[in-house]
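A short worksheet on the structure shown next.
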Amino acid sequence: MNKPMLSIVTINYNNKDGLDKTIKSVLEQRGLPAGSLEYIIVDGGSTDGSVDVIKKYLAGGYSHKISKWVSEKDSGIYNAFNKGIGMAEGDIIGLLNSGDTVIDGAYDNILEIHKTRPDSILYGVENFCRDGKFVGIFGPCADELPIRMIAHSASFVPRKIYEKYGLYDESFKSSGDWDLFLTFYQAGVSFYYINKIVVDFDACGISNSNLKLVEEENIRLLEKHGIKANKSNAFVKRVLHFLLPGFCFFIFRKLSKLIRS
């Protein structure tokens with residue numbers, strides 16, 4: 001049997017309701033060739049019934065679609081992502097937090113694009129949601145990576161790029177995705193934009209304390225990559241990352257009303 005081409009990794013810790021809707025959205029994807037999706041779930045040793053959710057799908061006729069899963073203690077989200085990448089056998093890998101949901105049909109042409117651009121990171125757009133409510137659309141261009149992160153959950157990285165440039169720096173707790181993608185960008189890796197909304201990103205877990213951590217880690221990663229950093233520009237980057245989606249949606253609505261009138 002040929003190995004699957006597309007690997008999707010979902011990480012989770014004590015978020016059984018979010019995990020349930022994430023698994024459902026992946027398993028019900030349409031448009032993928034049979035046997036071309038490898039789905040991996042990495043749970044951090046949850047105690048809230050998350051494992052029961054996984055077993056529910058395994059017993060409910062989806063055992064052939066959940067390729068691998070594990071539930072064991074980890075040291076954080078980037079350790080979990082690295083673990084999942086290490087388990088993946090596909091040629092291109094997408095990462096998904098529990099609570100995020102994939103738009104129906106979002107994966108249908110990822111494999112075809114990858115075949116024509118096997119050395120490129122593919123990335124699209126995500127709906128930015130908070131507390132179950134749509135805030136805006138988030139999808140910066142890859143050329144903005146020295147300023148801010150692109151839509152991580154809407155990105156797909158060829159496995160050979162991870163093998164060449166490395167995995168996530170587990171010393172980061174919040175900004176490790178930006179750190180690694182900035183590494184890819186500065187190394188000259190090709191990024192290819194796919195013009196589609198891939199996922200509903202759940203930002204309900206972002207709190208003021210998280211934002212302070214993001215600010216501190218942004219300063220560290222910018223300095224790591226040779227970009228002059230200080231508290232003021234780190235704050236600006238924090239605002240761009242978390243508030244710009246809502247601002248863009250506001251502008252979009254205003255323009256739509258003008259066009260209709």
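Note: hydrogens, waters and symmetry copies are ignored here, and every other heavy atom, side chains too, is used.
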Practice item. For Asp48, check salt bridge (charged side-chain N to carboxylate O under 4.0 Å, His left out) against everything at least two apart and list the hits. Key: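 For Asp48, no residue satisfies salt bridge (charged side-chain N to carboxylate O under 4.0 Å, His left out) once neighbours in sequence are set aside.
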
Point to revise | With Lys65 via salt bridge (charged side-chain N to carboxylate O under 4.0 Å, His left out) - residues at least two apart | key: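 In terms of salt bridge (charged side-chain N to carboxylate O under 4.0 Å, His left out), with neighbours along the sequence ignored, Lys65 is linked to no residue.
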
[X], [atom1] atom: more than 12 neighbouring heavy atoms under 6.0 Å:
X	atom1	answer
Lys24	NZ	no
Tyr193	OH	yes
Lys224	NZ	yes

So which heavy atom on [X] is nearest to which on [Y], and how close?
X	Y	value
Ser175	Asn218	OG-OD1, 3.0 Å
Ala106	Lys196	O-NZ, 3.0 Å
His114	Asp91	NE2-CB, 3.6 Å

Check your understanding: How many angstroms lie between atom CE of Met149 and atom OH of Tyr123, to the nearest 0.5 angstrom?
Key ->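 The CE atom of Met149 sits 11.0 Å away from the OH atom of Tyr123.
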
Check side-chain contact (heavy atoms from CB on, under 4.5 Å) between [X] and all other residues, then give those that pass, not counting sequence neighbours.
X	answer
Asn15	Asn12, Ser98
Asn79	Asp74, Ser75, Lys83, Glu170
Val51	Asp43, Lys55, Trp69, Ser71

Check your understanding: Are Ser190 and Asp119 close enough that a side-chain donor and a side-chain acceptor fall under 3.5 Å?
Key -> no

Review point. Just by distance, with hydrogens left out, do Ser153 and Glu126 show a side-chain donor and acceptor under 3.5 Å apart?
Key: yes

Point to revise | Pairs where residues 24-61 contributes a residue and the test ring-ring contact (aromatic ring centres under 6.0 Å, His included) is met, not counting sequence neighbours | key: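 Sorted result for residues 24-61: Tyr57-Tyr62.
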
Revision key, fill the gap. Of Tyr168, Phe201, Tyr78, the one forming a ring-ring contact (aromatic ring centres under 6.0 Å, His included) with His152 is Tyr168

Check your understanding: Do the numbers put Arg117 on top of the ring of Phe191, so that NZ or CZ is under 6.0 Å from the six-membered ring centre and no more than 45° off the axis?
Key -> no

